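Numbered from 1 within each chain, the chains take letters A, B, ... in sequence-line order. Bear in mind that the values here come from a model prediction, so they are computed numbers and not experimental data.
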Number of protein chains: 2
Amino acid sequence: MFNERSLTISQECEECPIRHRAVCARCETDELERLEQIKYYRKFEAGQMVIWSGDKMDFVGSVVSGIASLTQTMEDGRTQMVGLLLPSDFVGRPGRATAAYDVVATTDLVMCCFRKTPFEEMMANTPHIAQRLLEMTLDELDAAREWMLVLGRKTAREKIASLLTIIARRDATLHLKAGSGIEGPIVFDLPLTREAMADYLGLTLETVSRQITALRKDGVISLEGKRHVTVPDMERLMEEAGDDSDGGLLV
Amino acid sequence: MFNERSLTISQECEECPIRHRAVCARCETDELERLEQIKYYRKFEAGQMVIWSGDKMDFVGSVVSGIASLTQTMEDGRTQMVGLLLPSDFVGRPGRATAAYDVVATTDLVMCCFRKTPFEEMMANTPHIAQRLLEMTLDELDAAREWMLVLGRKTAREKIASLLTIIARRDATLHLKAGSGIEGPIVFDLPLTREAMADYLGLTLETVSRQITALRKDGVISLEGKRHVTVPDMERLMEEAGDDSDGGLLV
DNA sequence: CTGGCGTTTTGATCTGGGTCAAAGCCCCGG
DNA sequence: CCGGGGCTTTGACCCAGATCAAAACGCCAG
């Protein structure tokens, strides 16, 4: 799910937000200009709603910086996160009028948006945009299926280890310019509260807290403050996650 | 996830299997002819493997009749179903060389396949195929996210009711030609063993059995034999599923 | 009709993670 | 420096669903 493609493209996309994975990896300059004309930015503070499930959604876009999450909520308040949107991820569905999920800014967030109608028109005329979007959606589908295994069959400890692994990988993919390898300790900041982690993993926040403590006591990770994580041995963490070996950075 | 689109298209696709949702909803006749040239059929018996995770996968295709399932298995044998492929559903991923999941024929199964390379070439030249595939993939992604809520937050009873609801809906969508409505009792056959249901829902087969018994005792469903299900009141079943009201047949 | 095998049900018991409750920690504003 | 509110941790207890075990139900082959 984090394959060489995302790496390549994030490298192509340093400057212009509309070159983010979403649409532009193969755009010609005239297409880029057309996109420039219909794009605009939106900023959100941590905790703000980007859109409510069921609301009219007249834009699509991609995350420029920060983190957003997609969540579903049942009438009695049980909530499940169903997507974690990191920089370069795409939001919104061409061809659908209303939002299917709540979208929340988990941290301060900047999005690059396109009004839906012009974007759809452009998509109709520019075949590779649909192709690119298809690739991205297939990646997301794979990620979702990976999560179904986590949610359905893993223990609390494995769930936490899985989440840490994913965040570490995404973080690595964003930060490493060249192939700085998987060796040595890995360090990153948790962008999620315990509650958000619980919502992602189908656990309670108490269980999340207990399992993080347990992983710390067992030396799998160490913490500075509540959020700053060091993973001395990534292999070990991935074993704890029950992950199908293979490492997977750039598979 | 079961919207008017799938209904419309299944209506367009009565005769030719390659017109199944996958690729042909908007094909011109010359495109259909080209597709005819590269398609072939494969048949499987119930229980047979279609492909193993990690194997080279040189085709894509769609289910013509029967049911296939996508599953993931951990080293210690825990397995999670991550996709249930009913007639008209698409299998395989353009642009990927190896299968990411085990694909198993859950019942006797007929698939209509295309060798991957010619199909990809055709996709490159025929923009609406990518667009169509994008729509389908987005539908699947929505279904996957719905399942994440089921797996992460629902009780065993709600899980069973959710699965029954989905099967009933899909079955209705396949069978009803016109809008035969949601009124009256709904009858269908369970295409899955208790074990397969358990794998779908992240439960054990014993729990599945117990919960089905409980739903029967409470009059939510009734059974003839082990597999033939009657739902006297669909509304009631959906309440049990904890579903966000709205009915959803044709939403 | 009988035996055997795969599926399903039912029972008894155990336990991982949920629930409820109470501190502890940390940062920010006054 | 103090107080308050949002996170986070920790503890005590409980229960939904897992696990282990055995019986019942088809159903087909002989």
Donor-acceptor contact below 3.5 Å, side chain [X] vs main chain [Y]:
X	Y	answer
E158(A)	T155(A)	yes
K154(A)	A241(A)	yes
D199(B)	Q80(B)	no
S209(A)	L205(A)	no
R153(B)	T79(A)	yes

[X] and [Y] ion-paired at < 4.0 Å:
X	Y	answer
K226(B)	D189(B)	no
E140(A)	R145(A)	no
D218(B)	R157(B)	yes

Nucleotide [N], atom [atom2] - distance to [atom1] of [X] in whole Å:
X	N	atom1	atom2	result
R194(A)	dG24(C)	CZ	P	19 Å
R227(B)	dT9(C)	CZ	P	10 Å
I160(A)	dG16(C)	CD1	P	16 Å
H228(A)	dC26(C)	NE2	P	16 Å

*When you measure from every atom of DNA chain C, which of residues 202-216 of chain B have a heavy atom less than 4.0 Å away?*
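L205(B), E206(B), S209(B), R210(B), T213(B), in order of number.
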*Quick one: is dG17(C) close enough that its OP1 or OP2 comes under 4.0 Å of any side-chain N or O from R157(A)?*
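It does not, given that no N or O in the side chain of R157(A) lies less than 4.0 Å from OP1 or OP2 of dG17(C).
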*Taking any atom under 4.0 angstrom from a heavy atom of chain B, which nucleotides of DNA chain D are the first and last to qualify, 5' to 3'?*
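For DNA chain D, the relevant span reads dG17(D) to dC20(D).
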